[in-house]
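Proteins get letters first, then strands, A, B, ... in listed order; numbering begins at 1 in each.
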4 protein chains.
Amino acid sequence: MTPIGVAVVGAGTLGKRHAENVCRAIPGARLAAVVDRDLDRARQVAAELGVERAAAHFEQIAARDDIQAVVIASPSKFHAEGIQAAARAGKHIFCEKPISLSLEDARAALEAVSGAGVLLQLGFMRRYDPAYSNAKRRIDSGEIGDPIMFKSLGRDRQPPPAVFYQGGVNGTLFSDSAIHDFDLGRWLMNDEIAEVHTFAGLLASPEIAEFGDIDVCLVNLRFRRGGIGNVEAFRKSNYGYDIRTEITGTKGTIQIGYLQQTANLTLTASRVSYDVVDHWLVRFREAYRLELASFVSAIQKGGPALVTGEDGVRALEAALAAERSFHEGRVATVAAPETLPPANDKP
Amino acid sequence: MTPIGVAVVGAGTLGKRHAENVCRAIPGARLAAVVDRDLDRARQVAAELGVERAAAHFEQIAARDDIQAVVIASPSKFHAEGIQAAARAGKHIFCEKPISLSLEDARAALEAVSGAGVLLQLGFMRRYDPAYSNAKRRIDSGEIGDPIMFKSLGRDRQPPPAVFYQGGVNGTLFSDSAIHDFDLGRWLMNDEIAEVHTFAGLLASPEIAEFGDIDVCLVNLRFRRGGIGNVEAFRKSNYGYDIRTEITGTKGTIQIGYLQQTANLTLTASRVSYDVVDHWLVRFREAYRLELASFVSAIQKGGPALVTGEDGVRALEAALAAERSFHEGRVATVAAPETLPPANDKP
Amino acid sequence: MTPIGVAVVGAGTLGKRHAENVCRAIPGARLAAVVDRDLDRARQVAAELGVERAAAHFEQIAARDDIQAVVIASPSKFHAEGIQAAARAGKHIFCEKPISLSLEDARAALEAVSGAGVLLQLGFMRRYDPAYSNAKRRIDSGEIGDPIMFKSLGRDRQPPPAVFYQGGVNGTLFSDSAIHDFDLGRWLMNDEIAEVHTFAGLLASPEIAEFGDIDVCLVNLRFRRGGIGNVEAFRKSNYGYDIRTEITGTKGTIQIGYLQQTANLTLTASRVSYDVVDHWLVRFREAYRLELASFVSAIQKGGPALVTGEDGVRALEAALAAERSFHEGRVATVAAPETLPPANDKP
Amino acid sequence: MTPIGVAVVGAGTLGKRHAENVCRAIPGARLAAVVDRDLDRARQVAAELGVERAAAHFEQIAARDDIQAVVIASPSKFHAEGIQAAARAGKHIFCEKPISLSLEDARAALEAVSGAGVLLQLGFMRRYDPAYSNAKRRIDSGEIGDPIMFKSLGRDRQPPPAVFYQGGVNGTLFSDSAIHDFDLGRWLMNDEIAEVHTFAGLLASPEIAEFGDIDVCLVNLRFRRGGIGNVEAFRKSNYGYDIRTEITGTKGTIQIGYLQQTANLTLTASRVSYDVVDHWLVRFREAYRLELASFVSAIQKGGPALVTGEDGVRALEAALAAERSFHEGRVATVAAPETLPPANDKP
């Protein structure tokens, strides 16, 4: 089978990782081009990976026949227009989360995808993490009864660098970070988020005050079928990258999460200590590989994607509602009932 | 030093434990009488512990000179009147949580205590648990910087039996269970709870529907100095008694909690498993002993109690606000600002 | 029932703990006297516990009718003669491990006990630790199949003080420390130790070289029915008091042991750390209480003791063989076959 | 740089993994041929990986210029002759452990390597596992003081299939399994094993009795500089693949090992359970990749290999001595003093 040619758009930390995975770890795929507004950066990543084609703009390579798919890893603000451009060019699309920073743009992008008949997969990579997918299987098998409570937290060791915040191109704590947990909540609870309430603040990282973002939020959740939950996103744990989720059902509970990077425990007179996972590229190394493999496989089989554009919209709705609740100081409804599809069918 | 004579009022599960501790584990104290509306039960506990005096009503023993202190472990609804009666009789008072089911009664009880000049200690035993008191010391020493986030959960293995719910004498999930966590939040954050928001429901234990209580709640918290947090109370984990708390500061985090009852791990072909703590009497055995020792010591030294009646009122205010938020579907303010004392001084 | 009067002989760290337990934590027992060659120490412990009688020598109180039992916690060298004296006086005997430092003296002591018709219980308290007794039940229930391998280690944080070593009155690393593990091996494997091989040395604590003892040993074990195992004793872990045991069977494995003292985990930028159990009095607090309660209960019921004098002899034989193996540089047989009783026939 | 052409000799489970790694995960290497006495198997692996050349015998491809290196993953009995053949052909050699089943053959193979001037790396992949290499760095940095005790165990979930044992081509429990731990002991202690003592047996897997091997051994170790240790190898844990190592020094201890495969904990009424790593290919996935990357890098840089042929001989000597001790029932010396090089002088 001819390998699928993939262009990676956005050659930052994560774009580069996707490019490496396409190159080395995904049978059936071939890295065809690297695109970045910073052409030097595009060229450097392309060179490191032995790929000839680098470009500053996707349009410069959109017409190429040897490119069947695009991985969009540009700043979040440009995701929706990236989807539109790729759809117009008839390419299958893997897009990093969030699908957009506005619901309008997201809806327009989904229409473009639908019109073009291409495949769109959203980059909620946690669904591919072995611990999370194992938990999903257990929940769906009934091992913990009916899921009734969902708790999830995500903590970075340190806030992203200033460049991340400049121009607001990467959204806020809600749309950039907590959105992962909103997606997990929908997926693991097999339900939709109906209402949210947020307390939040800039409590540990005064250095990001100038960018108008916060560094910690606690979001209370109510699901449509009655389940409840909460989500924490925090930018500055100091101790490590900490991702934990707990789903409680009528018969039991599943916990997901760990802090240890290696299996070492050092015991001395002054302390018992171990190494903590430092970074999301380490914690979710395998998930990033598996989601791309799944994307390529979906293209080969004619779809569908396991994480859809609609999933991207739903999580964004929750994130924006959580942000609204914070600003308004009251409970926020996630989406108008008339636009809601039926709750997820259990697989 | 003559031992302090202690009457235990309420000879249920916890009252009996307090009586045993007074008898056997608290140097300086002597069990002088056991009181229970069910006189047979009072007599049985007294007999088991080798104490002669049992009574159906505190008034029957209130005048005795060999009783200097009372431990109130009756149903919650009768705590405030028990405090009033003991104060009138000039006895020092250890009262189980909650101090009352109504703020009015609680305030009146505190006035009676104040008027009588006796000592009142509230039964928030978690403050005496070695893990919690160790965490408190670490936080106050600055080890995690300024505390900014508080998360706490309490899960029973199974809901209490029907008799617990009858007549509503033991309050609700908020005033009976989550109140422990509200107290921990105030204590560990060195702050007062300002606002709460609750999602809750009866999701796992339909058998208690007839009593009008719920079995799970998630309460979002905002503290006065800006910290945030949340609290979970759940009646039916199925797997064990699970108490966990996490305090996050600007420099680090402290986690408190464990599930293992013994240090055994059994590894077989079908499972890797361990024993889980089953019951609060097991998890907090030492805390129950230490809080009574502290009470007796405070009496001997002329006070003060480490957990005061005011602490009891504050936690009750938070619990009632959390319940109000649940019923009204919106954020609830914890207490009117004019009645608030200055935030806790750090020790 | 009249409480059983107990004299504690030896008022050092452990003797004092036994005295406290008799006083406060063992229903049915009464502390009747404290005996120590250092009469001031005996008097001080007696005074702290509100007991009138203190003596320098057991003989001074041997004739008292209000003493029915003796707890021997003197230095190991004096255990056997203490048993003889107590047996002559017709007292029931709880004796700390080891039963003696010589097999001859141990045998003579057992004969005295047998002749006097009193009860003798050995102080292998680990058998009463909830984790160990739970493991024993699981093994005997067949949960791990037939036990085939036994591994056990015991580590002190720091070597005992110089006074412990002076005069050799407390035996060696083998007879003082590893003897616990030899007893556990016999008990958990339901078998007798047949052969041992030892590598050992003074590797971490040069300060005890003057006393002629070592600070670490690794003893390979072969049991009579074919099982194998090993034991480690180490005097200077630096990080804490560490007791771990693992029994492997044909169907699974049970691990016993933990290092955490409280349920706290502190996570900061420089380390993730937790508290470690520091001392055996902390780790085995409950076991020390339970073994005395069991002793008192056995007296009340007319026996038998759950840990017998024969158990004390068997463990001593293994300890002495391990020491012999170390000195001779070859495998040592534990006991001459002709003197061996049938292997334990416990289930 | 032209990629290094690699032929993989032996296309069983591990050979196939090596071939996959060369193909997909090792920049700078190229899979040039797959060799297996079972030509169909060689062809199948080659086809799966898109390689044209498959052969039944190394000699058939030995002359090819596009092959610069050989990975030997044939049965252990053929390792030494494989090294000889590859050396004769002037290829660099990566050889799975053990280097041979006989010391004579091993020595002859090393001479051939030395004469040919090629690079030889032994497949002790644990040295490349992130947990082990992290521990090595900590030990060498002095974090635990001078290492004085080494304990290591390796347990398979189930014994290998009958085909593994047939003809004795894969050695014994000592030379196939415990040899990993002997290598770890030498490496982590920075010392040589001087003496060993073994208790062992066929205790859990009667089905392998016909092959004359045992399924469990406990080997006591004495190192030349005085350190002591022990090693366990066990074929049938039932619960999972369990690899644990502990190095104790004069100032502290490092533990390496874990049992959990994912970060999931499932808590239900009947059990608290988690997934256990099942297989060595899972536990050491990254180590297998890193050791080949290190091999290719050593070739590119002109050596040296980080795990040498001499390391292979040393570990084999310890394994054979452990086996001898078992058969003779006494302590065995590892190697004649006159042939011993100075102890490792690595930091």
Side-chain angles (χ1 to χ4, degrees), chain B residues 1 3 20-21 23-28 48-50 126 129-139 141-145 242-275 277 282-283 285-286 289, chain C residues 1 3 20-21 23-28 48-50 126 129-139 141-145 242-275 277 282-283 285-286 289:
Chain B
M1 200 182 297
E20 290 167 351
N21 275 336
C23 245
R24 294 180 184 154
I26 311 292
E48 281 179 30
L49 295 170
R126 293 184 195 177
D129 176 71
Y132 279 96
S133 55
N134 177 303
K136 173 68 171 170
R137 279 193 300 275
R138 288 174 180 277
I139 294 168
S141 77
E143 194 163 338
I144 60 165
D242 188 359
I243 300 294
R244 284 177 270 153
T245 299
E246 183 168 22
I247 306 95
T248 297
T250 49
K251 293 184 183 164
T253 283
I254 291 181
Q255 298 176 349
I256 306 146
Y258 57 85
L259 279 168
Q260 286 193 252
Q261 178 153 3
T262 63
N264 275 14
L265 189 67
T266 306
L267 308 106
T268 63
S270 60
R271 60 179 182 179
V272 173
S273 63
Y274 52 80
D275 297 326
V277 175
V282 175
R283 171 63 182 82
R285 175 190 299 272
E286 183 71 356
R289 189 182 70 77
Chain C
M1 199 183 299
E20 290 166 351
N21 275 335
C23 245
R24 294 179 184 156
I26 311 293
E48 281 179 29
L49 294 171
R126 293 183 195 177
D129 176 69
Y132 279 96
S133 56
N134 177 303
K136 173 67 170 169
R137 278 193 301 275
R138 288 173 180 276
I139 294 168
S141 77
E143 194 163 338
I144 60 165
D242 188 1
I243 300 295
R244 282 178 272 154
T245 299
E246 183 168 22
I247 306 96
T248 296
T250 49
K251 294 185 183 164
T253 284
I254 291 181
Q255 297 177 348
I256 305 146
Y258 56 85
L259 279 167
Q260 286 195 252
Q261 178 153 4
T262 64
N264 276 13
L265 189 68
T266 306
L267 308 106
T268 63
S270 59
R271 60 178 182 179
V272 173
S273 62
Y274 53 79
D275 297 325
V277 174
V282 175
R283 170 64 183 83
R285 174 191 300 272
E286 183 71 355
R289 188 182 70 77

Qualifying salt bridge (charged side-chain N to carboxylate O under 4.0 Å, His left out) pairs, either residue in residues 245-270 of chain B, two or more places apart: A:Arg155-B:Glu246, A:Arg244-B:Glu246

State the OH-OH distance between B:Tyr258 and C:Tyr258, to the nearest 0.5 angstrom. 9.0 Å

Partner of C:Pro27 under side chain to side chain contact (heavy atoms under 4.5 Å, CB included), picked from B:Glu20, B:Glu48, B:Arg24, is B:Arg24

Most chain B-contacting option - heavy-atom pairs closer than 4.5 Å, from C:Ala25, C:Ala135, C:Ala131: C:Ala131

Report the residues that fulfil side chain to side chain donor-acceptor pair (under 3.5 Å) with C:Asn134, sequence neighbours left out, ordered by chain and then residue number. B:Asn264, B:Asp275, C:Arg138

Relative to chain B, which of C:Leu267, C:Thr268, C:Asp129, C:Ile247 shows the most heavy atom pairs under 4.5 Å? C:Leu267

Among B:Ala269, B:Pro130, B:Gly257, B:Gly252, the residue with the most heavy-atom pairs under 4.5 Å to chain C is B:Gly257

